[in-house]
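These values consider heavy atoms only, across backbone and side chains, with no hydrogens, waters or symmetry-generated copies. Both ligands and their constituent atoms are indexed starting at 1 by order of listing. The shown structure was predicted, so the numbers you read here are calculated from the model rather than taken from an experiment.
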Amino acid sequence: MEGLFSLRATPRVLVPTVSAPNHKPKFSISGTRMEVQKSKKLSVACVRAQQSESKDGSATVSPLSDSQENALKIKEWEVGRFQDEIAATQGIRIRRRPPTGPPLHYVGPFEFRLQNEGNTPRNILEEIVWNKDKEVSQLKERKPLGMLKKALENAPPNRDFIAALRASNLRTGFPGLIAEVKKASPSRGILREDFDPVEIARAYEKGGAACLSVLTDEKYFKGSFENLELIRNAGVKCPLLCKEFVVDAWQIYYARTKGADAILLIAAVLPDLDIRYMTKICKMLGLAALVEVHDEREMDRVLGIEGIELIGINNRNLATFEVDISNTKKLLEGERGEIIRQKDIIVVGESGLFTPADVAYVQEAGVKAILVGESIVKQKDPRSGITGLFGKDISV
Ligand SMILES: O=P(O)(O)OC[C@@H](O)[C@@H](O)c1c[nH]c2ccccc12
């Protein structure tokens, strides 16, 4: 069941036949293999191509009639509903895109009407995801996957993100540090006015960071892929995490072409099937996947997925911004901690870490790595910010 209605992250999706009670499409697209696209234009084009393929394989383009376009819109709307329903069964409350409401002719005084909650995101994470979804569909049109795949040949070589964390943990006896190049956030506003990403990255490296995290979201975090590329091309040796809101596998390829060594996958946004599929793509591309959870349910989902090597526990709830570092401890207690040790998964304590006592607390809870932004990026000299964070100079 789950596999049938995979999200648009999945390149090829079997669209189920669902009959609309009051609408009889004049043609059937059931069983058609098509990519579920938000962009109606693209989907229409896709079905058109399917439709027009003749027996001898030659393609002729025949325009869709109004009723065919309507049938397609209904399918798209229905698939969108299924996606949200599947996500909801996994406790995911983030909807991938704004509800559009059923096509007009699909509702009526005597027909059933599904509620359209309106186009207002329920929280900041949902708003970011909706925005990202739009952004990605536009980018994809300019740089289709085929083009990205070619660009991979010229991508900078991969560095081993997880090995760097393990090595740093062994070398210093502290959790390996992923230091975040972060200019701003929706919860904290601007963190640093004089923001030179390369200078900050170099300072982090000198200060003993094992890896770096580079925010690439522009709208909410004032980050960019340009920053990622600049840092990568400046010869910084620490492996780089692309800190993005991934809603589409296309973004993983894109991150790799820009020199990322790891990418973030957020369990509050991505259903299990997406996480499975995306971690496989990461492996194929030689990227580490940092799978982020923030509550027990997300942790249990992720622990049930084969092949997960790196889990981040976010102490900040991305929907409410509340920060509580005891979250890391809570999620590592008991059986969960046991499974993590057995599977040799590296856990990263994320967000809200400011002092040596904070670091000791999450280390005691079982993390082998930490992800820190605000407390070190705000220091005049981020290098000494690292020394302050650990209460010790950890540089090589
Ligand atoms: O600045 P802090 O509190 O040290 O947090 C860093 C990092 O954990 C945080 O930026 C983060 C964790 N997960 C995210 C997901 C998206 C955006 C940002 C984040």
Side-chain angles (χ1 to χ4, degrees), residues 94 123-132 135 165 175-192 195 197 200-201 204 207 209-225 227-228 240-247 251 255 260 262-270 275 289-295 298-299 302 310-328 331 347-359 361-362 367 369-379 382 385-386 388-390:
I94 301 297
N123 57 47
I124 182 72
L125 181 56
E126 193 164 77
E127 185 184 325
I128 295 172
V129 164
W130 289 4
N131 188 68
K132 193 57 68 183
E135 220 179 88
L165 291 177
L177 172 65
I178 308 171
E180 187 152 281
V181 180
K182 183 179 194 181
K183 177 164 182 169
S185 75
S187 59
R188 299 291 210 211
I190 301 277
L191 295 169
R192 192 182 177 98
F195 189 82
I200 294 168
Y204 283 160
C211 299
L212 306 183
S213 160
V214 184
L215 278 152
T216 47
D217 177 77
E218 295 190 16
K219 184 161 181 195
Y220 299 90
F221 290 86
K222 304 216 179 299
S224 67
F225 275 96
N227 288 354
L228 185 74
L240 304 180
L241 169 73
C242 171
K243 194 65 149 350
E244 242 312 336
F245 293 84
V246 173
V247 292
Q251 293 165 278
I263 194 150
L264 183 75
L265 302 176
I266 303 177
V269 172
L270 301 169
I275 298 179
L290 172 60
V291 186
E292 178 175 298
V293 301
H294 84 285
D295 63 18
E298 288 170 10
M299 177 64 104
V302 171
L310 195 58
I311 296 180
I313 299 180
N314 201 346
N315 298 313
R316 179 177 293 113
N317 179 329
L318 289 176
T320 63
F321 292 149
E322 275 163 39
V323 181
D324 178 3
I325 68 166
S326 70
N327 200 37
T328 295
L331 298 197
V347 176
V348 184
E350 300 180 356
S351 308
L353 303 173
F354 287 83
T355 65
D358 293 342
V359 175
Y361 177 84
V362 291
V367 310
I370 52 175
L371 173 54
V372 183
E374 179 175 347
S375 69
I376 49 177
V377 85
K378 270 185 138 177
Q379 305 307 316
I386 294 178
L389 175 70
F390 288 96

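Looking at K182, E292, R316, H294 and measuring to atom 13 (N) of ligand 1, the nearest heavy atom belongs to E292. Within the set E374, E244, K378, K243, the minimum heavy-atom distance to atom 14 (C) of ligand 1 is found for K243.
If you look at V323 next to ligand 1, there are no close heavy atoms at all, none under 4.0 Å.
Polar contact with ligand 1: absent for L215 (N/O pair, distance under 3.5 Å). Geometrically, ligand 1 and S351 share a nitrogen or oxygen pair separated by less than 3.5 Å. Checked against a 3.5 angstrom limit, the closest N/O atoms of G352 and ligand 1 fall inside it.
For the pair K243/E180, a side-chain contact is recorded, criterion being any heavy-atom separation below 4.5 Å from C-beta on. Counting only heavy atoms from C-beta outward, the side chains of F245 and L264 never approach each other to under 4.5 Å. The shortest side-chain heavy-atom distance between L290 and V348 falls under the 4.5 Å cut-off.
Taking a 4.0 Å cut-off on heavy atoms, N314 registers as neighbouring ligand 1. Ligand 1 has no atom lying under 4.0 Å from any heavy atom of R188. In this structure, F221 has a heavy atom closer than 4.0 Å to ligand 1. Not a single heavy atom of D217 lies less than 4.0 angstrom from ligand 1.
Nearest non-hydrogen protein atom to atom 10 (O) of ligand 1 is E180 OE2, 2.5 Å.
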* Check against side chain to side chain donor-acceptor pair (under 3.5 Å), T216 and E244 -> CA-CA 6 Å; T216 47; E244 242 312 336; 3.2 Å; yes

* To do: Report the C-alpha distance between N131 and E127 in whole Å, list the side-chain angles of each, state the deciding distance to 0.1 Å, and finish with yes or no for side chain to side chain donor-acceptor pair (under 3.5 Å).
  => CA-CA 6 Å; N131 188 68; E127 185 184 325; over 6 Å; no

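Within the model, atoms CG of L165 and CG of L177 stand 9.0 Å from one another, a figure rounded to the nearest 0.5 Å.
Checking each of E292, E298, H294 against N314 for a side chain to side chain donor-acceptor pair (under 3.5 Å) leaves exactly one that passes, namely E292.
Proximity of a side-chain donor or acceptor of N317 to a complementary backbone N or O of E322 within less than 3.5 Å is not detected.
Set against the non-hydrogen atoms of V372, the atoms of ligand 1 under 4.0 Å away are 4 (O). Distances below 4.0 Å separate heavy atoms of E350 from the following atoms of ligand 1: 8 (O), 12 (C), 13 (N). When each atom of ligand 1 is checked for a heavy atom of G373 under 4.0 Å away, the hits are 1 (O), 2 (P), 4 (O), 6 (C). Annotation for ligand 1: atoms under 4.0 Å from non-hydrogen atoms of L264 are 15 (C). Atoms of ligand 1 found under 4.0 Å from any heavy atom of F245, numbered from 1 in the order shown, are 16 (C), 17 (C).
For the pair V367 and V347, the tightest heavy-atom approach, listed with the atom from each and the gap, is CB-O, 3.4 Å. Looking at every heavy atom in both residues, G352 comes nearest to I325 through O-CG2, 3.4 Å.
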